[in-house]
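Just so we're clear, the structure is a prediction, and the values are computed from it rather than from any experiment.
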Amino acid sequence: LDGNPMDSLFRDANEFDKVHLITSSKLSEGLHYLLSSNVSDEAGNTMTGINSPLEITQCTYHEILISEFLADPTPSIGLPNCEFVELYNPSKDSFNLHNFYFGDSSRLTRFQKEYWIHKNEYLIVCAASNCKLFSNQHCVETDDFPSLNNGGDKLVLLNQDSTPVDVISYDLSYYADAFKSNGGYSIERLDLNHPCDNPSNWQASVSPIGGTPGERNSTIKTISPHEA
């Protein structure tokens, strides 16, 4: 890589067309070049002298969004009876969430495994013990998922350098529905393309089960500039 030998590399245990490259130090943001040589496939065909560009991008503010969260799961009307936060990637890039941080006003938890979020993809963040409840969706498990306050809290997503990627300070007005604020309904972000952070861009889910974890939000709409 950039003329220096790789520290190590290994083939993915599940996706055989994927190879993991390990470097001893963090790669700087920008364009790098990976030289591959003497690599053979199972048929014996050998690759020689292929120099491939490798661009490293840093996830910046609003390139990943907090798109939905369930702070008060009781009484459940169909969702798993547990708190969760949903992330959405509106950008053109894919990001590895390893060593990202998520938290509320009381504490942060670090993503200790590799989780990739690709363009237009949703991921659920919840306690490790609850991931099995979301079996049909991609789930980021955390051993120390914070307890989200029902009446209001501050949610933060930080990148590997502890730089904010998204920050939400919510209260009961974010439901825009007094009945649903009593519990069982998630709060969804309305406009994922113009992600203003004020209450007008949030609303209680209109899904018949109370939310859409890992899927397109039920309340998608375009927010006009004067609403933001």
Side-chain angles (χ1 to χ4, degrees), residues 1-36 39 50-69 84-104 107-132 134-146 155-168 189 192-193 195 213-217:
L1 182 64
D2 296 336
N4 300 307
M6 295 297 302
D7 293 292
S8 65
L9 58 87
F10 60 93
R11 190 177 187 180
D12 192 275
N14 299 310
E15 300 179 50
F16 297 148
D17 60 345
K18 180 186 294 184
V19 175
H20 298 266
L21 309 176
I22 308 299
T23 62
S24 58
S25 58
K26 180 181 176 181
L27 294 177
S28 60
E29 191 171 358
L31 192 62
H32 301 263
Y33 289 90
L34 177 66
L35 176 63
S36 305
V39 178
I50 303 298
N51 206 18
S52 306
L54 176 66
E55 186 173 10
I56 304 299
T57 58
Q58 180 78 348
C59 186
T60 58
Y61 195 65
H62 278 172
E63 287 192 299
I64 299 175
L65 300 176
I66 297 171
S67 53
E68 181 180 359
F69 58 93
F84 71 83
V85 169
E86 177 191 81
L87 305 179
Y88 173 72
N89 181 358
S91 77
K92 62 181 177 59
D93 296 312
S94 297
F95 297 103
N96 185 356
L97 300 183
H98 183 225
N99 286 330
F100 273 52
Y101 294 87
F102 169 75
D104 68 350
R107 68 171 182 269
L108 292 173
T109 183
R110 182 171 62 90
F111 301 154
Q112 301 186 33
K113 298 180 181 179
E114 287 198 359
Y115 297 98
W116 283 90
I117 184 167
H118 305 290
K119 178 182 178 180
N120 296 330
E121 187 174 35
Y122 297 89
L123 284 179
I124 298 167
V125 181
C126 65
S129 59
N130 292 326
C131 270
K132 61 182 181 294
F134 301 97
S135 57
N136 293 328
Q137 293 88 14
H138 296 294
C139 188
V140 178
E141 60 182 49
T142 65
D143 294 326
D144 193 25
F145 187 81
L155 308 181
V156 297
L157 178 68
L158 310 177
N159 67 17
Q160 297 97 329
D161 294 332
S162 298
T163 301
V165 174
D166 202 5
V167 180
I168 304 298
R189 197 171 211 147
L192 299 176
N193 295 315
E215 300 176 356
R216 187 178 187 270
N217 287 357

Between C59 and F100, the two heavy atoms sitting closest are CB-CZ, 3.8 Å
Open item on the list: Would you say that Y101 contacts L157 through its side chain, given a criterion of any heavy-atom pair below 4.5 Å between the two side chains?
Closed with: no
When every non-hydrogen atom of S94 is compared with those of N89, the smallest separation belongs to CA-ND2, 4.2 Å
- On the 0 to 90° scale, with breaks at 30° and 60°, tag the Y115-F111 ring pair as parallel, tilted or perpendicular. perpendicular
A side-chain contact here means heavy atoms from C-beta on lying under 4.5 Å apart; do L65 and P90 qualify? yes
Sorted by chain and residue number, the side chain to side chain contact (heavy atoms under 4.5 Å, CB included) partners of D93 (sequence neighbours excluded) come out as T57, E63, S91, F95
Between the CH2 atom in W116 and the CG atom in L123, the distance rounded to the nearest 0.5 Å is 12.0 Å
| query | Is the number of heavy atoms from other residues, nucleotides or ligands within 6.0 Å of NZ (K92) greater than 12? | reply | no
Contacts of K113 meeting side-chain hydrogen bond (donor to acceptor under 3.5 Å, both in side chains) (sequence neighbours excluded), chain-then-number -> E141
Between the CD atom in E68 and the CD atom in E215, the distance rounded to the nearest 0.5 Å is 9.0 Å
Could you check D104 against V156 for side chain to side chain contact (heavy atoms under 4.5 Å, CB included), going step by step and ending with a plain yes or no?
CA-CA 6 Å; D104 68 350; V156 297; over 6 Å; no
Sequence neighbours excluded, the answer for side-chain hydrogen bond (donor to acceptor under 3.5 Å, both in side chains) partners of N159 is none
_side-chain hydrogen bond (donor to acceptor under 3.5 Å, both in side chains) for D166 and H62? Distances and angles first, verdict last._
CA-CA 6 Å; D166 202 5; H62 278 172; 3.2 Å; yes
With sequence neighbours left out, the residues meeting side chain to side chain contact (heavy atoms under 4.5 Å, CB included) with Q112 are R110
| How about Y122 and Y88: are their ring centroids closer than 6.0 Å? | yes
What one should report as the nearest heavy-atom pair of H118 and E121 is N-OE1, 2.7 Å
Is any side-chain heavy atom of T60 closer than 4.5 Å to a side-chain heavy atom of V165?
no
Taken in chain and number order and not counting sequence neighbours, the residues that satisfy side-chain hydrogen bond (donor to acceptor under 3.5 Å, both in side chains) with T163 are none
Quiz item: Hey, does L87 have a side-chain heavy atom less than 4.5 Å from the side chain of V140?
Solution: no
When rounded to the nearest 0.5 Å, the distance separating CD of Q160 from CD of Q58 is 5.5 Å
Exam field: side chain R107 to backbone F145, donor-acceptor pair closer than 3.5 Å
yes
Contacts of N130 meeting side chain to side chain contact (heavy atoms under 4.5 Å, CB included) (sequence neighbours excluded), chain-then-number -> C82, C126, A127, L133
For F69 and V85 the tightest heavy-atom approach is CB-CG2, 3.9 Å
On a heavy-atom basis, the closest approach of T109 and P146 is CG2-CD, 4.3 Å
Between F84 and E86, the two heavy atoms sitting closest are CD1-N, 4.1 Å
